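For clarity, every value in this text was computed on a predicted model and none was experimentally measured. All heavy atoms count here, side chains included; hydrogens, waters and symmetry mates do not.
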Amino acid sequence: MRSGELAAAAGVNVETLRYYERRGLLPEPPRTLGGFREYDEDAVALLRVVKAAQRLGFTLDEVAELLDAGRRRHPTPDLQARARAKLEEVESRIADLGLIRDGLRQVIEARCDSLTNCTCQACPVPFVELSKLRPDAHDAQAIPRPNRANHAASGLQ
């Protein structure tokens with residue numbers, strides 16, 4: 001099958017095929033006499049594996065390493081170890097997103113109306129304190145510590 005057919009079958013675009021070839025994820029296929037790339041069904045399966053691994057949170061670099069280990073046909077605990085590490089990373093991100101969600105709910109419930117001059121009674125986020133930063137203050141040392149009452153009330157730590 002040609003590039004467009006492979007791309008459609010795997011749910012990617014043709015540029016993705018070229019990129020995966022350059023990265024070594026997808027082997028460069030043989031060409032027809034007319035110079036067209038000619039892929040087989042294995043290429044469809046490989047692309048689906050790559051996309052499935054990406055949906056699981058693996059980066060293309062991680063996918064490439066795992067594919068390389070699999071191509072050597074040596075059993076390795078690497079996938080299990082990486083899957084466990086990826087699961088820990090995902091769970092950590094979910095926890096972080098939960099904190100963000102809770103903070104946003106507090107801002108909504110408190111009816112905060114400004115990042116710098118909030119007029120709500122009990123602003124859960126120290127926007128006013130953050131607004132006092134010097135425009136050129138880039139290092140963490142320059143950030144003032146939020147008022148503990150506001151900080152504790154926000155649920156953010």
Side-chain angles (χ1 to χ4, degrees), residues 3 6-29 39-112 114-116 118 120 122-157:
S3 298
L6 173 61
V12 299
N13 65 50
V14 175
E15 289 306 311
T16 299
L17 299 179
R18 303 290 181 271
Y19 180 68
Y20 287 2
E21 283 179 18
R22 286 192 305 272
R23 297 238 7 211
L25 291 166
L26 182 64
E28 190 171 328
Y39 296 94
D40 58 20
E41 288 299 318
D42 289 345
V44 176
L46 178 61
L47 287 171
R48 288 180 178 160
V49 166
V50 169
K51 298 313 283 180
Q54 283 184 301
R55 282 191 300 278
L56 291 174
F58 290 103
T59 66
L60 279 180
D61 286 339
E62 292 168 329
V63 172
E65 291 169 8
L66 290 168
L67 287 174
D68 187 49
R71 286 181 182 130
R72 287 179 277 163
R73 304 226 185 255
H74 293 288
T76 175
D78 199 37
L79 177 58
Q80 287 295 307
R82 286 176 184 251
R84 283 187 185 91
K86 189 59 65 177
L87 180 59
E88 287 177 19
E89 178 184 319
V90 167
E91 287 174 345
S92 175
R93 287 173 32 202
I94 289 170
D96 290 345
L97 288 171
L99 291 174
I100 292 168
R101 178 197 57 223
D102 294 346
L104 289 170
R105 283 182 177 157
Q106 290 175 359
V107 166
I108 291 167
E109 289 169 8
R111 298 189 181 278
C112 294
S114 171
L115 288 176
T116 57
C118 188
C120 73
C123 186
V125 185
F127 294 123
V128 174
E129 292 176 21
L130 293 175
S131 71
K132 294 177 184 175
L133 290 177
R134 293 185 326 269
D136 62 339
H138 294 292
D139 68 320
Q141 303 287 357
I143 298 175
R145 288 200 136 329
N147 163 324
R148 286 218 181 266
N150 282 348
H151 194 65
S154 73
L156 301 174
Q157 298 185 8

Closest non-hydrogen atom pair, Asn13 against Thr16: OD1-N, 2.8 Å
Salt-bridge present (Arg84, Glu88; N to O < 4.0 Å): no
Test log, rule side chain to side chain contact (heavy atoms under 4.5 Å, CB included), inputs Leu60 and Tyr19: CA-CA 11 Å; Leu60 279 180; Tyr19 180 68; 3.6 Å; yes
Side chain to side chain contact (heavy atoms under 4.5 Å, CB included) partner of Leu66, chosen from Leu79, Val49, Val50: Leu79
Leu26 and Tyr39, any side-chain heavy atoms less than 4.5 Å apart: yes
Asp40 side-chain N/O to Ala43 backbone N/O, donor-acceptor pair under 3.5 Å: yes
Nearest-0.5 Å distance, CG of residue Leu17 to CD of residue Glu28: 12.0 Å
Any residue meeting side-chain contact (heavy atoms from CB on, under 4.5 Å) with Arg101, in chain and number order, not counting sequence neighbours: Arg105
4.5 Å side-chain heavy-atom contact, Pro29 and Glu21: yes
Least distance between heavy atoms, Ala7 atom then Val14 atom: CB-N, 3.9 Å
CD1 on Ile94 to CD on Glu89, rounded to 0.5 Å: 11.0 Å
CG on Leu97 to CG on Asp102, rounded to 0.5 Å: 11.0 Å
Residue pairs fulfilling salt bridge (Lys or Arg N to Asp or Glu O under 4.0 Å) with at least one residue in residues 43-64, sequence neighbours excluded: Arg23-Asp61, Glu62-Lys86
